[in-house]
Colleague: 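Dropping the structure in here first, questions after.
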Amino acid sequence: MSRYFTEDHEWIDVDGDTGTVGISDYAQSQLGDIVFVEVPDAGRSLSKGDEAAVVESVKAASDVYSPVSGNVLEGNPALTDEPALVNSDPEGEGWFFKITLSDASELDALMDETAYAAFVAKL
């Protein structure tokens, strides 16, 4: 499995033609305590950069953008009852949605973990 990051702090784990998408630990730390998450419905078609989900914290609301184009397989149902999973495990159980990639070459424009760490260090 390969993990990629966007400059908007989304991550995507890719396994074959399926990606699991969430926000980075850095992003959740900037948002603060997460109180609400809205994930996309299965079957929704997304283009790279589309607003895919919404996350609200005690500080602000923020959109989560799709790092790739494709069709949503499922939203994370656990976030409805426990949005704080995004704080406690942002790059694991706090994932937002799974997507079938329609164009794997879109991954080429994303950062790997090393490049993302360097990007965040400059913020």
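Both backbone and side-chain heavy atoms feed into the values below; hydrogens, waters and symmetry mates do not. Numbers here simply count residues along the sequence, with the first being 1.
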Colleague: Using every non-hydrogen atom in the two residues, find where Ser66 and Ser47 come nearest and quote the distance to one decimal.
Modeller: CB-O, 4.0 Å

Colleague: So if you build clusters from Ile, Leu, Val, Met, Phe, Trp, Tyr with side-chain heavy-atom gaps below 4.5 Å, do Leu85 and Leu31 land together?
Modeller: yes

Colleague: I'd like to know if the side chain of Asn76 and the backbone of Glu93 have a donor-acceptor N/O pair within less than 3.5 Å.
Modeller: yes

Colleague: Would you say Phe5 and Val68 are hydrophobically clustered, going by side-chain heavy atoms of ILVMFWY under 4.5 Å?
Modeller: no

Colleague: Are Val55 and Ile12 co-members of a hydrophobic cluster defined by side-chain heavy atoms under 4.5 Å apart?
Modeller: yes

Colleague: Indicate yes or no for a side-chain donor-acceptor contact from Glu10 to the backbone of Tyr65 under 3.5 Å, with no hydrogens or angles considered.
Modeller: yes

Colleague: Rounded to the nearest 0.5 Å, how far apart are OG1 of Thr20 and CG of Asp15?
Modeller: 8.0 Å

Colleague: When hydrophobic residues are tied together by side-chain contacts of less than 4.5 Å, even through go-betweens, does Val72 share a cluster with Val64?
Modeller: yes

Colleague: Side chains of residues 109-123: which donor-acceptor pairs under 3.5 Å do they make with residues two or more places apart or in other chains?
Modeller:
| unit_1 | atom_1 | unit_2 | atom_2 | d |
| --- | --- | --- | --- | --- |
| Asp112 | OD1 | Thr114 | N | 3.2 |
| Asp112 | OD1 | Ala115 | N | 2.8 |
| Tyr116 | OH | His9 | ND1 | 2.6 |
| Tyr116 | OH | Ser24 | OG | 2.7 |

Colleague: Evaluate the side-chain proximity of Val21 to Pro67: yes if any heavy-atom separation is below 4.5 Å, no if none is.
Modeller: yes

Colleague: Given 3.5 Å as the limit, does a donor-acceptor pair link the side chain of Asp103 with the main chain of Ser105, or not?
Modeller: yes

Colleague: Rounded at 0.5 Å granularity, tell me how far CD1 in Ile23 sits from OG in Ser29.
Modeller: 9.0 Å

Colleague: In Å and rounded to the nearest 0.5 Å, what is the CD to OG distance from Glu82 to Ser88?
Modeller: 6.5 Å

Colleague: What are the two closest non-hydrogen atoms of Lys48 and Glu106, and how far apart are they?
Modeller: NZ-O, 3.2 Å

Colleague: Looking only at heavy atoms, what is the nearest atom pair of Val86 and Gly94, with distance?
Modeller: CG2-O, 3.9 Å

Colleague: Taking C-beta and beyond as the side chain, do Ile34 and Ser57 meet within less than 4.5 Å on heavy atoms?
Modeller: yes

Colleague: Side chains of Asp13 and Trp95: closer than 4.5 Å at any heavy-atom pair?
Modeller: no

Colleague: Quick check: closest heavy atoms across Ala53 and Phe96, and the distance to 0.1 Å?
Modeller: CB-CD2, 3.8 Å

Colleague: Taking atom CD of Glu56 and atom CG of Asp33, what is their separation to the nearest 0.5 Å?
Modeller: 14.0 Å

Colleague: Give, for atom OG1 of Thr100 and atom CG of Leu73, the distance between the pair rounded to the nearest 0.5 Å.
Modeller: 3.5 Å

Colleague: So, Asp41 side chain and Gly75 main chain: donor-acceptor pair closer than 3.5 Å or not?
Modeller: no

Colleague: I'd like to know if the side chain of Ser102 and the backbone of Ser69 have a donor-acceptor N/O pair within less than 3.5 Å.
Modeller: yes

Colleague: Are Phe97 and Leu107 connected into the same hydrophobic cluster when the rule is that any two of I, L, V, M, F, W, Y join if their side-chain heavy atoms are below 4.5 Å apart?
Modeller: yes

Colleague: Less than 4.5 Å apart, any side-chain heavy atom of Ile99 and any of Asn71?
Modeller: no

